[in-house]
A.B. asks: 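Structure below; questions to follow.
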Amino acid sequence: MSTQGWRKFPHPEKQYSYAGDALKKNWARLHQGDREPWPESAEVQEAWRAYHAGDFAQAVELGLKAGGAGISAANKAAMIYATYLVDDDDEKSELFQQIIDRAELQQKAMPEAANAWYFHAYALGRYSQLISVGEALAKGLGGKIRASLEKTLELEPDHAEAHIALGAFQAEVIDKVGSLVGNLTYGAKKDNAVEHFETALELIPFSAIARMEMANGLVMLFGKSKMKRAEDLYAEAAACEAVEAMERLDVEAAKAELED
């Protein structure tokens, strides 16, 4: 995978470098959301340092070179880069498809790696948004997304990012096809979606993205009646303290939404 021409993270800062022992000391906080286990490989550690610093191109290159657990670092770097820093839909689509393909290979090689399943679901979900949720459901992607998220939570019940994604998945399905069809066909339920969002907030109370996705989900599920709660969640997200590049992108996205 070539990362030539990738845009730089717009606000690189030294406090996100986590050089030396700082990465391991801060690992639990940095990976509280995705439950990625500490990698013993120095090469994989370097990939994660690049990721947390916002050098997503370097993280992808180092992660792919390391292989094994390094694939998770490469996939997360590529998915955050595609989500936040790529404007062209065709480029986004290609990046998400590459993540999907790598995650499927990683699932076969490392079936107990929760993030092989989570990043697969995430990339499928973002790809589905690009082609429209309705088209994605018609292609059967909804079942694949749900299956990978449920596998993630089977392996790591406290995987907050998977809880967020499963809540968002159900909210988008219900928003598109309605509560009855959503429940009967995809097992999507309003109460269950809210429960997943709330669980994620309990697991990562410092998270901006947990608040933003919950806000979006509540509006899709309940409409204007939850608009005030959604606005409050976005305000809370904008006030969150970022400790690495992805979190900073989330906070800045929340601030931009409030300004619109």
Side-chain angles (χ1 to χ4, degrees), residues 1 3-66 68-87 92 95 99 114-115 118-119 122-123 126 159-162 164-165 200-201 203-213 234-259:
M1 174 183 174
T3 58
Q4 186 175 1
W6 278 33
R7 292 167 54 189
K8 294 289 186 181
F9 177 59
H11 303 291
E13 294 191 5
K14 291 182 179 179
Q15 69 259 37
Y16 297 155
S17 66
Y18 294 104
D21 293 340
L23 182 66
K24 189 169 187 178
K25 290 178 180 178
N26 290 278
W27 188 264
R29 165 62 177 84
L30 291 167
H31 291 273
Q32 196 166 332
D34 67 14
R35 304 290 293 174
E36 181 70 15
W38 168 253
E40 296 300 331
S41 164
E43 290 79 9
V44 178
Q45 292 168 23
E46 283 302 305
W48 281 112
R49 285 190 181 92
Y51 167 80
H52 291 301
D55 191 344
F56 300 124
Q58 180 76 346
V60 170
E61 292 173 5
L62 290 173
L64 293 180
K65 183 179 180 181
I71 301 301
S72 292
N75 278 347
K76 191 162 193 180
M79 78 185 203
I80 296 304
Y81 177 78
T83 300
Y84 289 97
L85 299 176
V86 176
D87 298 321
K92 281 180 183 283
L95 287 170
I99 296 167
N115 283 323
Y118 171 65
F119 296 146
Y122 182 102
R126 292 300 188 188
H159 197 297
E161 292 180 23
I164 294 169
L201 269 179
L203 291 168
I204 46 174
F206 49 78
S207 171
I209 194 62
R211 289 170 169 81
M212 294 160 66
E213 292 289 1
Y234 261 93
E236 292 173 13
C240 288
E241 180 182 359
V243 299
E244 50 111 58
M246 183 197 77
E247 291 185 9
R248 181 159 183 170
L249 287 166
D250 290 334
V251 170
E252 291 185 355
K255 290 178 179 178
E257 185 68 22
L258 290 172
E259 291 171 0

A.B. asks: As a test of understanding, state which of E161, E36, E244 forms a salt bridge (Lys or Arg N to Asp or Glu O under 4.0 Å) with K76.
C.D. replies: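 With K76 as partner, E161, E36, E244 yield a single salt bridge (Lys or Arg N to Asp or Glu O under 4.0 Å), made by E161.
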A.B. asks: Within the 4.5 Å heavy-atom criterion, are I99 and R126 side-chain neighbours or not?
C.D. replies: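 No; the side chains remain at least 4.5 Å from each other.
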A.B. asks: Scan residues 41-61 for pairs that pass salt bridge (charged side-chain N to carboxylate O under 4.0 Å, His left out), counting only residues two or more places apart or in two chains.
C.D. replies: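 Found E46-R49.
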A.B. asks: If we only count heavy atoms from C-beta on, is the V243 to N26 side-chain gap below 4.5 Å?
C.D. replies: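 Counting from C-beta outward, V243 and N26 never come under 4.5 Å.
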A.B. asks: Which is it for W6 and F56 under the ring pair (Phe, Tyr, Trp, His ring centres under 6.0 Å) test, yes or no, and what are the steps along the way?
C.D. replies: CA-CA 8 Å; W6 278 33; F56 300 124; 7.9 Å; no
A.B. asks: What pair of heavy atoms forms the shortest contact from A238 to L258, and how long is it?
C.D. replies: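 The pair with the smallest heavy-atom distance is CB-CD1, 3.7 Å.
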A.B. asks: Should the ring pair W27 and H31 be called parallel, tilted or perpendicular, given that the plane angle runs from 0 to 90° and is split at 30 and 60?
C.D. replies: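 The arrangement is parallel - the two ring planes meet at less than 30°.
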A.B. asks: Are any side-chain N or O atoms of R35 and backbone N or O atoms of A160, one a donor and one an acceptor, separated by less than 3.5 Å?
C.D. replies: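 Checking the backbone N and O of A160 against the side chain of R35, no donor-acceptor pair under 3.5 Å is found.
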A.B. asks: If you define the side chain from C-beta out and look only at heavy atoms, does anything of F206 sit under 4.5 Å from Q32?
C.D. replies: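 Yes; the side chains approach each other to less than 4.5 Å.
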A.B. asks: To the nearest 0.5 Å, tell me how far S207 OG sits from E236 CD.
C.D. replies: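 With rounding to 0.5 Å, OG (S207) is 11.5 Å from CD (E236).
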A.B. asks: Supply the atom-to-atom distance I164 CD1 to L201 CG, rounded to the nearest 0.5 angstrom.
C.D. replies: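 Answer for the CD1-CG pair, I164 versus L201, is 7.5 Å.
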A.B. asks: Please report the closest heavy-atom contact between A73 and A47, naming both atoms and the distance.
C.D. replies: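 The pair with the smallest heavy-atom distance is CB-CB, 3.9 Å.
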A.B. asks: Measure across V251 and A208 and return the closest heavy-atom pair with its distance rounded to 0.1 Å.
C.D. replies: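 Between these two residues, the closest heavy atoms are CG2-CB, 4.0 Å.
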A.B. asks: Taking E213 for the side chain and A165 for the main chain, is one N or O donor matched with an acceptor at less than 3.5 Å?
C.D. replies: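 It does not hold such a pair.
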A.B. asks: Applying side chain to side chain contact (heavy atoms under 4.5 Å, CB included), can you list everything that pairs with A162, at least two apart in sequence or on another chain?
C.D. replies: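 Counting only residues at least two positions away or on another chain, A162 forms a side chain to side chain contact (heavy atoms under 4.5 Å, CB included) with Y118, L149, T152, L153, H159.
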A.B. asks: Give me the atom names and distance for the closest heavy-atom approach of H52 to L23.
C.D. replies: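 What the structure gives for the nearest pair is CD2-CD1, 4.0 Å.
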A.B. asks: For A66 and V44, which heavy atoms make the closest approach, and how far apart are they?
C.D. replies: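 A66 and V44 have their closest heavy atoms at CB-CG2, 3.8 Å.
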A.B. asks: Can you tell me how far the CG atom of L85 sits from the CG atom of L95, to the nearest 0.5 Å?
C.D. replies: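 It is 11.0 Å, given to the nearest 0.5 Å.
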A.B. asks: For a side chain to side chain donor-acceptor pair (under 3.5 Å) with Y122, tell me which candidate from T83, N115, D34 qualifies.
C.D. replies: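 For Y122, the side chain to side chain donor-acceptor pair (under 3.5 Å) check succeeds only for T83.
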A.B. asks: Please list all pairs meeting salt bridge (charged side-chain N to carboxylate O under 4.0 Å, His left out) that have one or both residues in residues 18-29, counting only residues at least two apart or in different chains.
C.D. replies: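 Listed once each, the pairs are R29-E247.
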A.B. asks: Looking only at heavy atoms, what is the nearest atom pair of A53 and S17, with distance?
C.D. replies: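 Taking A53 first and S17 second, the nearest heavy atoms are CB-CA, 4.4 Å.
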A.B. asks: Do L30 and Y51 have side chains that get closer than 4.5 Å, going by heavy atoms?
C.D. replies: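 Result no, sub-4.5 Å side-chain heavy-atom pair not found.
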